[in-house]
Amino acid sequence: MISSTALAHESKIYSQFSVLYDRIFSNVFAKRIDQVIGSMNIEPGSRVLEVGVGTGLSLTAYPPHCDVLGVDLAEDMLSRAQRKIDRSGMDHVELAVGDAQALDFPDDSFDYVTSFHVVSVVPDPQAMMREMTRVCRPGGRLVIINHFRSPRRLVASVVDRLDPITRRLGWRTTLGASELLDEVELEDVRRFKTSPTSLFTVVIARKPHPDESVRAAG
Ligand SMILES: C[S@@+](CC[C@H](N)C(=O)[O-])C[C@H]1O[C@@H](n2cnc3c(N)ncnc32)[C@H](O)[C@@H]1O
């Protein structure tokens with residue numbers, strides 16, 4: 001595992017929390033992540049970057065015929081993910097310490113860039129979105145699962161009141177999906193919920209080829 005000294009406030013919370021994380025969240029998150037990754041039909045030989053991989057709840061969902069790199073700022077979370085990798089012999093998965101807002105990879109490096117429950121945790125979600133798009137190859141897919149601010153005003157105003165509390169726990173409730181999506185140029189954008197009552201939205205989109213963006217602009 002590659003390591004770094006950077007540790008944002010948000011990740012410090014997750015480091016302190018890493019012991020309890022799977023017990024609290026695996027039931028809430030893992031099934032949806034499995035369903036979404038399974039639906040992507042990831043092709044053999046694909047390079048996948050998962051940003052904010054945490055304790056690796058998602059890792060068993062990736063097919064062994066692709067290469068997965070998971071990055072996160074919190075080394076304690078990554079240690080737990082590493083244990084899962086070792087236990088299950090997931091030779092196709094590697095981990096590294098890294099900041100979602102300043103990814104240490106060249107442009108167009110990955111076929112899939114995924115991130116689950118992270119965009120409302122980082123201080124600058126727009127920078128994270130730009131970085132995820134930058135490192136995805138043209139024609140590659142971005143896959144995000146997150147809670148976003150409801151477009152329904154009443155629901156949003158109630159949930160907004162929880163924001164000061166959830167911020168202390170490390171995430172904000174006020175981030176709207178369009179605040180992210182307006183930041184970058186994407187196509188075939190699909191936004192959906194895996195069940196009508198789910199609090200979480202799945203966003204799947206394609207990074208256009210440069211000539212396609214020029215054509216669309218002209
Ligand atoms: C709610 S957890 C989600 C973990 C995992 N994706 C999941 O669905 O279980 C948020 C994760 O984002 C990580 N994180 C916070 N700030 C980050 C940053 N700037 N760069 C990379 N990871 C970050 C935390 O350490 C934590 O593991």
Practice prompt. State, to 0.1 Å, how close Val122 and Arg172 come at their nearest heavy-atom pair, and which atoms those are.
Written response: O-NH2, 2.8 Å

Fill in: Those residues that, when tested against Asp86, pass side-chain hydrogen bond (donor to acceptor under 3.5 Å, both in side chains) (two or more places apart)
Gln82

Fill in: Minimal non-hydrogen separation, Ala177 against Arg191, with atom names
CB-NH1, 3.5 Å

Discussion item. I need the Leu175 CG to Leu180 CG distance, nearest 0.5 Å.
Written reply: 5.0 Å

Discussion item. Between Ile204 and Phe192, is there a side-chain heavy-atom distance shorter than 4.5 Å?
Written reply: yes

Worksheet entry | Closest non-hydrogen atom pair, Lys207 against Thr133 | NZ-O, 2.9 Å

Discussion item. Walk me through whether Met129 and Leu181 qualify under side-chain contact (heavy atoms from CB on, under 4.5 Å).
Written reply: CA-CA 8 Å; Met129 193 67 195; Leu181 295 172; 4.2 Å; yes

Fill in: Name of the residue among Val97, Leu103, Leu95, Asp99 meeting side-chain contact (heavy atoms from CB on, under 4.5 Å) with Val71
Leu103

Worksheet item: Looking at side-chain heavy atoms only, is the closest gap between Ser198 and Arg32 below 4.5 Å?
Response: yes

Worksheet item: When you look at Thr60 and Lys84, which way does the side-chain contact (heavy atoms from CB on, under 4.5 Å) test go after all the steps?
Response: CA-CA 9 Å; Thr60 51; Lys84 291 191 180 97; over 6 Å; no

Worksheet entry | Atom CG of Asp188: over 12 foreign heavy atoms under 6.0 Å | yes

Discussion item. Could you report the tightest heavy-atom contact between His92 and Cys66, atom names first, then the distance?
Written reply: CB-O, 3.2 Å

Worksheet item: Has Asp104 got more than 12 heavy atoms of other residues, nucleotides or ligands less than 6.0 Å from its CG?
Response: no

Discussion item. Here's a test for you: under side chain to side chain donor-acceptor pair (under 3.5 Å), which of Thr174, Asp160, Thr173 qualifies with Arg149?
Written reply: Asp160

Practice prompt. Evaluate whether atom NZ of Lys193 has more than 12 neighbouring non-hydrogen atoms of other residues, nucleotides or ligands under 6.0 angstrom away.
Written response: yes

Worksheet entry | Distance, nearest 0.5 Å, that separates CD of Glu183 from CE of Met132 | 13.5 Å

Worksheet item: Is any side-chain heavy atom of Phe105 less than 4.5 Å from a side-chain heavy atom of Val113?
Response: no

Discussion item. Distance check, rounded to the nearest 0.5 Å: Arg130 atom CZ versus Asp124 atom CG?
Written reply: 6.0 Å

Response to the item:
Closest non-hydrogen contact found for Gln101 with Glu131 is O-CG, 3.4 Å

Discussion item. Is any side-chain heavy atom of Thr194 closer than 4.5 Å to one of Lys31?
Written reply: no

Practice prompt. With sequence neighbours left out, write down each residue that passes ring pair (Phe, Tyr, Trp, His ring centres under 6.0 Å) with Phe200, or none if nothing qualifies.
Written response: Phe29, His117

Practice prompt. State whether the side chain of Ser46 and the backbone N or O of Glu43 hold a donor-acceptor pair below 3.5 Å, judged by distance alone.
Written response: yes

Worksheet entry | Criterion side-chain contact (heavy atoms from CB on, under 4.5 Å) on Ile37 and Thr114, from CA distance to verdict | CA-CA 9 Å; Ile37 295 178; Thr114 65; 5.7 Å; no

Worksheet item: Are Val121 and Leu20 connected, step by step, through hydrophobic side chains (Ile, Leu, Val, Met, Phe, Trp, Tyr) whose heavy atoms are closer than 4.5 Å?
Response: yes

Item to complete: Spell out, yes or no, whether Phe148 and Leu154 are grouped together once hydrophobic residues are joined by side-chain heavy atoms under 4.5 Å, including indirect joins.
Response: no

Fill in: Spacing of Asn146 atom CG and Ser120 atom OG [to the nearest 0.5 Å]
4.0 Å

Worksheet item: Hey, what do you get for OH (Tyr112) to CZ (Arg137), rounding to the nearest 0.5 Å?
Response: 7.5 Å

Side chains of residues 47-57: which donor-acceptor partners sit under 3.5 Å, not counting sequence neighbours?
{"unit_1": "Arg47", "atom_1": "NE", "unit_2": "Asp111", "atom_2": "OD2", "d": "3.2"}
{"unit_1": "Arg47", "atom_1": "NH1", "unit_2": "Ser109", "atom_2": "O", "d": "3.0"}
{"unit_1": "Arg47", "atom_1": "NH2", "unit_2": "Asp111", "atom_2": "OD1", "d": "3.1"}
{"unit_1": "Glu50", "atom_1": "OE1", "unit_2": "Ser58", "atom_2": "OG", "d": "2.5"}
{"unit_1": "Glu50", "atom_1": "OE1", "unit_2": "Tyr62", "atom_2": "OH", "d": "2.7"}
{"unit_1": "Glu50", "atom_1": "OE2", "unit_2": "Ser58", "atom_2": "OG", "d": "3.3"}
{"unit_1": "Thr55", "atom_1": "OG1", "unit_2": "Asp22", "atom_2": "OD1", "d": "2.5"}

Worksheet, complete the sentence: Taken to the nearest 0.5 Å, the spacing of His65 NE2 from Ile42 CD1 works out to 7.0 Å

Worksheet entry | Heavy-atom donor-acceptor pair, Ser88 side chain to Met90 backbone, under 3.5 Å | no

Item to complete: Mind listing the closest non-hydrogen atom pair of Leu142 and Cys136 along with its distance?
Response: CD1-SG, 3.9 Å

